[in-house]
Amino acid sequence: MEFTLKDGTTSFQFPVNPEELNISRSKGYETIQMLEHGEFDFAQGERVKEITFSSFFPKEYDASYCTYADIPDPRVAMNILNTFLVSKKPLRFIITNTGVNVPVYLVSHNTTFRGGESGDIYFDLTMRTWRDSKVEKTSAKTAGQTNTRTDLKKTNKTYIVKSGDTLSKIAKLELGSSSRWNEIYKLNAKTIGSDPNRIKPGQKLVMP
């Protein structure tokens, strides 16, 4: 199982999986006070989900808890999370081998330094799921103005091939399953050529 945050073509895999992850769901409602009848609640739909978990960035690799060997320096990892925190674009949060693959905003990032564990950095993250919002068109006759609509149509994401990449590896990292490599190949057959195993560093691949 791998925990990954993506910002466009930048992917960051957490070196140590959290012991637990919490997803908070709730329904929005409005309370109205009616004279002589008391309070009434009116449902307003589901609120955005809140995802929280805690882990740490180890200074030294330890195979007993690190998910991969080439772990980042804790300070570098913290800077990456800080970049995600100030980003105005939604990120994508993926947990492989699960159904978690959702757009989110990183809204809170707290760090802790513990005595006796020099170099390790502990952190708590809070993310909120992002939903596409659109303003419906209104009649110019009734509104007295030109029809407007907020267009948040997504554009296809791309991935820059790195040394050592394979389509299966990219599919696992970007799409959550290595078996989806053929979807990437179909979209990029002209770029890759007839052999899907011969991708080259620097190639820009369109992702499903």
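The figures here come from the full heavy-atom set of this structure, side chains too, leaving out hydrogens, waters and symmetry mates. All residue numbers refer to positions in the sequence shown, counting from 1.
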*Measure the CD-CE distance between Glu50 and Met127 for me, rounded to the nearest 0.5 Å.*
10.0 Å
*How long is the span from the OG1 atom in Thr52 to the CD atom in Glu20, to the nearest 0.5 Å?*
8.0 Å
*Tell me, please, which residues at least two apart from Ser178 pass side-chain hydrogen bond (donor to acceptor under 3.5 Å, both in side chains).*
none
_Can you tell me if Asp70 has over 12 outside heavy atoms packed within less than 6.0 Å of its CG?_
no
*Partner of Phe93 under side chain to side chain contact (heavy atoms under 4.5 Å, CB included), chosen from Asn101, Leu125, Leu21, Thr129*: Leu21
*Are Phe57 and Leu106 in one and the same hydrophobic cluster, where Ile, Leu, Val, Met, Phe, Trp and Tyr link if side-chain heavy atoms are under 4.5 Å apart?*
yes
*Should the pair Phe14 and Phe12 be assigned to parallel (<30°), tilted (30 to 60°) or perpendicular (>60°) ring geometry?*
perpendicular
_Grouping I, L, V, M, F, W and Y whenever their side-chain heavy atoms are under 4.5 Å apart, do Phe53 and Val100 come out in a common cluster?_
yes
*Verify same cluster id: Leu205, Ile160 (apolar side-chain graph, 4.5 Å)*: no
*Considering the options Lys204, Met207, Gln203, Lys6, which one meets the side chain to side chain contact (heavy atoms under 4.5 Å, CB included) requirement together with Tyr159?*
Met207
_Show the nearest heavy-atom pair for residues Lys89 and Tyr105, with the distance to one decimal._
C-CE2, 3.6 Å
*Can you sort out the partners of Thr191 under side-chain hydrogen bond (donor to acceptor under 3.5 Å, both in side chains), two or more places apart, ordered by chain and number?*
none
Using atom types as modelled, flag every donor-acceptor pair under 3.5 Å from a side chain in residues 76-83 to any protein atom, sequence neighbours excluded.
{"unit_1": "Asn79", "atom_1": "ND2", "unit_2": "Arg75", "atom_2": "O", "d": "3.3"}
{"unit_1": "Asn82", "atom_1": "OD1", "unit_2": "His109", "atom_2": "ND1", "d": "3.2"}
{"unit_1": "Asn82", "atom_1": "ND2", "unit_2": "Met78", "atom_2": "O", "d": "3.3"}
{"unit_1": "Thr83", "atom_1": "OG1", "unit_2": "Asn79", "atom_2": "O", "d": "3.0"}

_For Gln13, all residues meeting side-chain hydrogen bond (donor to acceptor under 3.5 Å, both in side chains), sequence neighbours excluded_ = Thr67
*Quick one: list whatever passes ring pair (Phe, Tyr, Trp, His ring centres under 6.0 Å) with Phe84, sequence neighbours left out.*
none
*Please name all residues satisfying side chain to side chain contact (heavy atoms under 4.5 Å, CB included) with Lys169, sequence neighbours left out, ordered by chain then number.*
Asp165, Thr166
*Test: Glu174 and Lys157 ion pair at under 4.0 Å*: no
*Which atoms form the tightest heavy-atom contact between Tyr65 and Glu60, and what is the distance?*
OH-O, 4.3 Å
*Do you know the tightest heavy-atom contact between Pro58 and Val16?*
CD-CG2, 3.8 Å
*Can you sort out the partners of Glu183 under side-chain hydrogen bond (donor to acceptor under 3.5 Å, both in side chains), two or more places apart, ordered by chain and number?*
Arg180
*asked:* Is the shortest side-chain heavy-atom distance between Ile51 and Val102 below 4.5 Å?
replied: yes
*Who are the ring pair (Phe, Tyr, Trp, His ring centres under 6.0 Å) partners of Tyr122, not counting sequence neighbours?*
Phe56
*Pro74 and Gly119: which non-hydrogen atoms are nearest, and at how many Å?*
CG-O, 3.3 Å
*Could you state the interatomic distance from CD1 (Ile192) to CG (Leu187), rounded to the nearest 0.5 Å?*
9.5 Å
*Can you tell me if Thr96 uses its side chain to pair, donor with acceptor, with the backbone of Glu2 under 3.5 Å?*
yes
*Any side-chain heavy atom of Asn17 sitting closer than 4.5 Å to one from Ser55?*
no
*Considering residues at least two apart in sequence or located in another chain, which fulfil the salt bridge (charged side-chain N to carboxylate O under 4.0 Å, His left out) criterion with Lys162?*
none
*Can you name the one residue among Thr10, Ile94, Val104 that meets side chain to side chain contact (heavy atoms under 4.5 Å, CB included) with Leu5?*
Val104
*At their closest point, which heavy atom of Leu167 faces which heavy atom of Pro196, and how far apart are they?*
CD1-O, 3.4 Å
_Contacts of type side chain to side chain contact (heavy atoms under 4.5 Å, CB included), residue Phe113, not counting sequence neighbours_ = Thr111, Ile121
_Between CG on residue Asn188 and CD1 on residue Ile199, distance to nearest 0.5 Å_ = 10.0 Å
_Those residues that, when tested against Ser179, pass side chain to side chain contact (heavy atoms under 4.5 Å, CB included) (two or more places apart)_ = Ser177
*Same hydrophobic cluster for Leu175 and Tyr185, using side-chain heavy-atom links shorter than 4.5 Å among ILVMFWY?*
yes
*Just jot down the salt bridge (charged side-chain N to carboxylate O under 4.0 Å, His left out) partners of Lys59, sequence neighbours excluded, or say none.*
Asp73
_Residue pair Leu85 / Ser108: nearest heavy atoms and the distance that separates them_ = CD1-N, 3.9 Å
